[in-house]
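Each chain gets a letter, A, B and so on, in the order its sequence line appears, and its residues count up from 1.
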Amino acid sequence: MFSNLNQMIDQWLAFEQKSQTATSEPWTFSTTRKTPKINLYEADDKVVLTAELPGLQKAEIDLKVQGNSLIISSTPAENEEKPETYIYRERGLTAFNREIKFGFDIDAEQVEAQFENGILTVTLLPVAAEQPKTIALS
Amino acid sequence: MNNVTYQPKTDILQRETGLELLLNVPGVRKEDLTIRLEKKKLIVSGKVQQPTLKGLKAEYPVGDYQRAFMVGEDFDAESIVATLENGVLRLKLPKNETALPVEIKVQ
């Protein structure tokens, strides 16, 4: 089922920005993160996606599955700290919305998601392919 | 994947009673964190479990965290409070009472 999975992932990743925007704008102190970086793993017939989202609350993360795409978005709560409280600042939370397209349709019923220690883990299964039909010769 | 150690992104905040540090350490469990105060050096290390699954694509590296901070002598190791929530380590460093400003009354 997954013989060409790598190829499909390569295809969609080719359209994604691979490097984090933060590194390309060092003068902004890397406090913004427009899209979270993701890692993908393979387990049996599943695809496991992880993303580092430290500082977010579980309730602030939204996941949507539509056809072959998974959409991760978040609108974090406003930072209550006054700017003058900061002596040094590197961290930052901004709203983001990232769509990840797979080469297969995701079975929305079987998506599992966890958020633990600031890591989001989503397990995806493709929609079960139709069984090949045997045609009897007449 | 590798044995590279990463520096967690950190915010340092000024509080009335001392300093507060916020460190991004996603993937670190409470039991895998060590915080040490050696003389004037505050060292935070966190171990991260390496994924056991077969990797397909990696946009971010997975590795342990370590970062050291030089702190003044105004802090006690005993009074540092550390909490871990959603991958963020919060360290509260209250100043010694002797280091806090003292108001002097006019006779």
Original post:
Do B:Val81 and B:Ile12 share a hydrophobic cluster (ILVMFWY, side-chain heavy atoms under 4.5 Å, transitive)?
Top reply: no
**OP:** Give a yes or no on whether a salt bridge exists between A:Glu116 and B:Lys30, defined as a side-chain N under 4.0 angstrom from a carboxylate O.
**Re:** no
**OP:** Taking the side chain as every heavy atom from C-beta outward, state whether A:Asn117 and B:Val28 have any pair of such atoms under 4.5 Å apart.
**Re:** no
Original post:
With a 4.5 Å heavy-atom cut-off, do A:Asn39 and B:Lys57 have their side chains touching?
Top reply: no
Subject >> A:Tyr41 side chain to B:Thr52 side chain, donor-acceptor N/O pair below 3.5 angstrom >> reply: no
Subject >> Qualifying residues under salt bridge (Lys or Arg N to Asp or Glu O under 4.0 Å), relative to B:Glu20, sequence neighbours excluded >> reply: B:Arg15, B:Arg90
Original post:
What option among B:Leu21, B:Val88, B:Thr10 has the most heavy-atom pairs under 4.5 Å with chain A?
Top reply: B:Thr10
Original post:
How many angstroms lie between OH in B:Tyr60 and CD1 in A:Ile38, if you round to the nearest 0.5 Å?
Top reply: 9.0 Å
**OP:** Sort B:Leu22 into side chain, backbone, both or neither according to what part of it lies under 4.5 angstrom from a heavy atom of chain A.
**Re:** both
Original post:
In Å, rounded to the nearest 0.5 Å, how long is the span from CZ of A:Arg89 to CG of B:Asp11?
Top reply: 6.0 Å
Original post:
Among the clusters formed by ILVMFWY side chains lying less than 4.5 Å apart, do A:Val111 and A:Leu63 turn up in the same one?
Top reply: yes
**OP:** Evaluate side chain to side chain contact (heavy atoms under 4.5 Å, CB included) for A:Glu52 paired with B:Glu59, printing each intermediate quantity in order.
**Re:** CA-CA 10 Å; A:Glu52 288 182 323; B:Glu59 288 182 355; over 6 Å; no
Subject >> B:Lys9 NZ to A:Arg91 CZ distance, which is reported to the nearest 0.5 Å >> reply: 10.0 Å
Original post:
Between B:Asn86 and A:Leu56, is a side chain to side chain contact (heavy atoms under 4.5 Å, CB included) present by the stated rule, with each step listed?
Top reply: CA-CA 7 Å; B:Asn86 292 329; A:Leu56 282 184; over 6 Å; no
Subject >> Neighbourhood of chain B inside residues 73-85 of chain A, taking heavy atoms under 4.5 Å as contact >> reply: A:Glu81, A:Thr85
**OP:** State yes or no: do B:Ile43 and B:Val48 share one hydrophobic cluster built from I, L, V, M, F, W and Y residues joined by side-chain heavy-atom distances below 4.5 Å, directly or via other members?
**Re:** no
Original post:
Any side-chain heavy atom of B:Leu13 sitting closer than 4.5 Å to one from A:Tyr88?
Top reply: no
Original post:
Do A:Leu125 and A:Phe104 share a hydrophobic cluster (ILVMFWY, side-chain heavy atoms under 4.5 Å, transitive)?
Top reply: no
Original post:
Looking at B:Pro26, B:Gly27, B:Pro8, which one has more heavy-atom pairs under 4.5 Å with chain A than the rest?
Top reply: B:Pro26
Original post:
Does A:Tyr86 share a hydrophobic cluster with B:Phe69, counting links as ILVMFWY side-chain heavy atoms below 4.5 Å and allowing steps through other members?
Top reply: no
